[in-house]
Amino acid sequence: MSTETPDQITAVAEQEVAEAEQLLAALEDRVRGGDESVTAEQVEGARGLRRFAQLRREAAQWKAEAARKAEANAETARRRDAFLASVADCTPEAIQAAAKRAEEALFDLLQLADRRNLAIQAAVPQLAAHLCVDSDLAVSGSYEHGTVTVDGTVYAPIGGQSIVDRAMNGAATRHMYADQGRRTG
């Protein structure tokens, strides 16, 4: 296989055409100038050589175009293969599995929030009762706020949608910073 570039291939052919045209022009100038030593066969031979060089130039142009096409195909194949390698683990099945894990995690999050809220809701009347209010322990329930306080820590209900929104926003923010890191790093 030739290691010449497409431009080198055509440059050689162009040089051959130029040399053949110069030879023909020089012979024709000698005939016009009265040089009787130049024969018709020499002039016709130079014309034939010029035509042959032109045909070789056409062949070189086709060869150069084929080489350019091969280079473009090789580069396109390299880029295609790089792309396919970069998304090999990002199949629709892998994405669906990750989405299912996220759904399960959000479900678990909502279940935890509901269990907490139900526990707080159930404890408020018990801890707001007269018996607990008169106790020396730092435990109380508040009907007004729907909260339970134990040793100075206030347990308030958590809105399921707000906790999901915070989780989604947190994930989106982490993704944004990771994406920025990939783009700048």
Side-chain angles (χ1 to χ4, degrees), residues 1-12 14 59-185:
M1 182 170 172
S2 175
T3 58
E4 294 177 304
T5 67
D7 290 339
Q8 290 170 329
I9 293 169
T10 55
V12 169
E14 289 293 340
Q61 289 168 339
W62 291 337
K63 183 179 176 183
E65 186 55 36
R68 283 187 189 93
K69 185 78 160 176
E71 287 175 358
N73 286 343
E75 179 59 19
T76 299
R78 186 196 64 73
R79 291 178 185 197
R80 177 204 59 212
D81 293 347
F83 166 74
L84 290 174
S86 71
V87 296
D89 62 342
C90 305
T91 64
E93 296 80 12
I95 291 170
Q96 184 59 36
K100 186 65 176 167
R101 289 191 305 274
E103 177 186 333
E104 291 298 322
L106 290 173
F107 177 78
D108 290 347
L109 177 62
L110 289 170
Q111 290 291 95
L112 284 171
D114 280 351
R115 279 200 340 252
R116 175 190 172 102
N117 292 345
L118 289 172
I120 292 169
Q121 185 180 8
V124 167
Q126 295 171 6
L127 297 176
H130 179 69
L131 183 61
C132 289
V133 172
D134 290 340
S135 170
D136 290 334
L137 299 176
V139 176
S140 66
S142 167
Y143 282 112
E144 181 181 345
H145 298 107
T147 62
V148 170
T149 304
V150 176
D151 297 329
T153 300
V154 177
Y155 294 84
I158 296 174
Q161 186 61 49
S162 66
I163 195 132
V164 168
D165 288 344
R166 283 196 308 264
M168 292 292 292
N169 290 337
T173 300
R174 286 178 57 198
H175 173 71
M176 178 188 69
Y177 285 121
D179 188 48
Q180 285 175 346
R182 282 189 299 271
R183 291 174 191 267
T184 59

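What you see below is based on every heavy atom in this structure, not just the backbone, and it leaves out hydrogens, waters and symmetry mates.
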Nearest heavy-atom pair of Val148 and Ala123: which atoms, and what distance? CG2-CB, 3.8 Å

Walk me through it: do Tyr155 and Val150 pass the test side chain to side chain contact (heavy atoms under 4.5 Å, CB included)? CA-CA 8 Å; Tyr155 294 84; Val150 176; 4.0 Å; yes

Just wondering, are more than 12 heavy atoms of other shown residues or ligands nearer than 6.0 Å to CZ in Arg182? yes

Shortest non-hydrogen contact between Ala122 and Pro125, atoms and distance: O-CD, 3.4 Å

Show the nearest heavy-atom pair for residues Ile120 and Gly146, with the distance to one decimal. CG2-O, 3.4 Å

Does a side-chain N-to-carboxylate-O contact under 4.0 Å join Asp179 and Arg174? no

Can you list, pair by pair, the side-chain donor-acceptor contacts under 3.5 Å of residues 110-119, counting residues two or more places apart and other chains?
| unit_1 | atom_1 | unit_2 | atom_2 | d |
| --- | --- | --- | --- | --- |
| Arg116 | NE | Ala156 | O | 3.4 |
| Asn117 | OD1 | Ile158 | N | 2.6 |
| Asn117 | ND2 | Ala113 | O | 3.3 |
| Asn117 | ND2 | Ile158 | O | 2.6 |

Does Glu14 reach the side chain of Gln61, with side-chain heavy atoms less than 4.5 Å apart? yes

Please determine whether a side-chain nitrogen of the Lys or Arg among Glu103 and Lys100 lies less than 4.0 Å from a carboxylate oxygen of the Asp or Glu. yes

Output for pair (Lys63 NZ, Thr10 OG1), nearest 0.5 Å, gives 11.0 Å

Where the side chain of Ser86 meets the backbone of Phe83, is there a donor-acceptor pair that is under 3.5 Å apart? yes

Can you tell me if Thr149 uses its side chain to pair, donor with acceptor, with the backbone of Gly152 under 3.5 Å? no

Minimum heavy-atom distance between Thr5 and Gln8, given as atom pair plus value: N-OE1, 2.8 Å

I'd like to know if Glu104 pairs up with Arg101 as an ion pair, taking the criterion as any Lys NZ or Arg NE/NH1/NH2 lying under 4.0 Å from an Asp or Glu carboxylate oxygen. no

Should Glu65 and Lys69 count as an ion pair when the cut-off is N to O under 4.0 Å? no

Which salt bridge (Lys or Arg N to Asp or Glu O under 4.0 Å) pairs, counting each pair once, include a residue from residues 149-169, with sequence neighbours left out? none

Would you mind reporting whether Tyr177 and Gln180 have side-chain heavy atoms less than 4.5 Å apart? yes

Quick one, Glu71 with Arg68, criterion salt bridge (Lys or Arg N to Asp or Glu O under 4.0 Å). Give me CA distance, side-chain angles, the key distance, then yes/no. CA-CA 5 Å; Glu71 287 175 358; Arg68 283 187 189 93; over 6 Å; no

